Amino acid sequence: MYIRSRDRFILVEQDRPAIGLLTLEFPAGQIENNEQPLASAEREFYEETSLYAKMSCVGKFSIMPNRSTSHAYGFFGFTENFVTKKMHGIKVREIKRGKLEEIILSGKFQHMAGLAVLKAAELYFEFNIFNDKISDIEESLIKSKNKERLRL
């Protein structure tokens with residue numbers, strides 16, 4: 001997620017015992033009973049960051065189609081404000097675009113689904129996440145040729 005006024009991503013830092021690492025990830029979660037995907041994404045983002053975001057659906061993706069029927073939705077959006085929230089086990093972090101690019105290129109970003117959503121958003125909404133102006137990226141979401149994605 002972006003914080004438009006400061007040109008930064010909003011990520012969460014948390015311990016992942018299964019891989020023995022403290023990771024940076026995009027806020028994420030699960031759809032609750034009878035919840036729509038967009039409502040779930042907005043709720044999860046708020047629960048983990050205390051922020052509201054205007055989101056666009058990037059798509060619905062199979063996680064491991066060779067082994068499972070599980071799927072996930074990807075969302076991309078903007079938020080205006082940033083307030084540090086203290087939550088047990090989660091630290092909200094603002095990461096500059098250039099810094100996130102460095103982290104990804106160094107191999108230290110462990111959230112594969114987050115990388116996939118970033119790349120899919122670039123392709124579907126026709127922008128360059130690390131080089132385009134934030135206002136141009138937001139405009140791309142509004143004017144997208146892929147309006148059907150917004151209705152998922």
Side-chain angles (χ1 to χ4, degrees), residues 1-4 8-79 82 85-95 97 99-132 134 137-152:
M1 292 296 144
Y2 258 109
I3 184 159
R4 182 173 39 157
R8 298 171 188 227
F9 284 99
I10 301 296
L11 293 116
V12 292
E13 184 179 72
Q14 53 192 329
D15 182 42
R16 294 298 190 188
I19 61 172
L21 293 173
L22 185 65
T23 65
L24 274 178
E25 303 173 12
F26 292 100
Q30 295 194 346
I31 295 174
E32 294 181 356
N33 293 339
N34 298 319
E35 191 175 37
Q36 294 298 310
L38 178 60
S40 175
E42 290 171 342
R43 175 187 52 75
E44 287 285 351
F45 187 74
Y46 179 78
E47 285 177 2
E48 293 187 11
T49 68
S50 294
L51 299 169
Y52 293 101
K54 293 190 289 185
M55 295 188 187
S56 295
C57 188
V58 174
K60 178 180 175 182
F61 304 95
S62 294
I63 297 171
M64 291 178 55
N66 60 325
R67 297 184 181 177
S68 156
T69 59
S70 297
H71 63 270
Y73 292 87
F75 291 88
F76 185 84
F78 293 89
T79 186
F82 182 75
K85 178 184 178 183
K86 295 188 185 224
M87 185 175 176
H88 180 69
I90 296 177
K91 180 178 180 183
V92 179
R93 300 274 310 270
E94 264 189 317
I95 307 292
R97 283 199 289 174
K99 184 65 176 174
L100 181 59
E101 186 175 25
E102 287 175 26
I103 293 168
I104 290 169
L105 292 173
S106 75
K108 294 179 182 173
F109 192 82
Q110 297 291 310
H111 194 215
M112 186 172 69
L115 291 175
V117 170
L118 277 181
K119 190 59 182 176
E122 283 187 324
L123 294 170
Y124 296 143
F125 298 119
E126 300 176 348
F127 59 75
N128 183 302
I129 196 70
F130 294 112
N131 296 316
D132 289 353
I134 297 301
I137 293 171
E138 188 171 31
E139 192 66 25
S140 293
L141 292 175
I142 294 167
K143 293 183 174 180
S144 174
K145 296 175 190 173
N146 295 292
K147 293 285 186 191
E148 67 277 3
R149 295 198 172 282
L150 305 179
R151 293 191 298 268
L152 289 176

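Reckoned from all heavy atoms, side chains included, excluding hydrogens, waters and symmetry mates. Nothing here was measured: the structure is a model prediction, and the numbers come from that model.
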Residue pair T49, T79: steps toward the side chain to side chain contact (heavy atoms under 4.5 Å, CB included) verdict
CA-CA 11 Å; T49 68; T79 186; over 6 Å; no

Does any N or O in the side chain of S68 come within less than 3.5 Å of the main-chain N or O of S70, such that one atom is a donor and the other an acceptor?
yes

So how far is it from I95 CD1 to I10 CD1, rounded to the nearest 0.5 Å?
9.0 Å

Got a second to check how far R8's CZ is from R93's CZ, nearest 0.5 Å?
11.0 Å

Decide yes or no on side chain to side chain contact (heavy atoms under 4.5 Å, CB included) for K91 and Q14, but give the supporting numbers first.
CA-CA 7 Å; K91 180 178 180 183; Q14 53 192 329; over 6 Å; no

Closest non-hydrogen atom pair between I129 and L118, with its separation
CG1-CD2, 4.1 Å

Approximate separation, where rounding is to 0.5 Å, of S106 OG and E101 CD:
11.0 Å

Run the salt-bridge test on R43 and E32 with the 4.0 Å N-O cut-off and return the result as yes or no.
yes

E102 and L105: CA distance, side-chain angles, deciding distance, side chain to side chain contact (heavy atoms under 4.5 Å, CB included) verdict
CA-CA 5 Å; E102 287 175 26; L105 292 173; 6.0 Å; no

Restricting to non-hydrogen atoms, name the atom on P27 and the atom on L11 that form the minimum distance, rounded to 0.1 Å.
CD-CA, 4.4 Å

Crowding at CG, N33 (>12 non-hydrogen neighbours, <6.0 Å)
no

Between F26 and F75 (judged by ring centroids, cut-off 6.0 Å), do the two rings come close enough to count as a pair?
no

To the closest 0.5 Å, what do you measure between CG (L51) and CD (E42)?
13.0 Å

Is the backbone of E35 close enough, under 3.5 Å, to the side chain of S40 for a donor and an acceptor to pair up by distance?
no

F76 ring center near F125 ring center (under 6.0 Å):
no

Minimal non-hydrogen separation, F61 against V58, with atom names:
CZ-CG1, 4.1 Å

Classify the ring geometry between H71 and Y73 as parallel (under 30°), tilted (30 to 60°) or perpendicular (over 60°).
perpendicular

Would you call K99 and I103 a side-chain contact if the rule is heavy atoms closer than 4.5 Å?
yes

Quick check on side chain to side chain contact (heavy atoms under 4.5 Å, CB included): which of T23, I90, L24 does V12 satisfy it with?
I90

In Å and rounded to the nearest 0.5 Å, what is the CG to CZ distance from D132 to F127?
8.0 Å

Is any side-chain heavy atom of P37 closer than 4.5 Å to one of I31?
yes

Could you go through K54 and E138, starting from their C-alpha distance and side-chain angles, then the distance that decides it, and tell me whether this counts as side chain to side chain contact (heavy atoms under 4.5 Å, CB included)?
CA-CA 10 Å; K54 293 190 289 185; E138 188 171 31; 3.7 Å; yes

Could you state the interatomic distance from CE (M112) to CD1 (I63), rounded to the nearest 0.5 Å?
9.5 Å

Find out whether L141 and Y124 are in side-chain contact, i.e. whether some heavy atom of one side chain is under 4.5 Å from a heavy atom of the other.
no

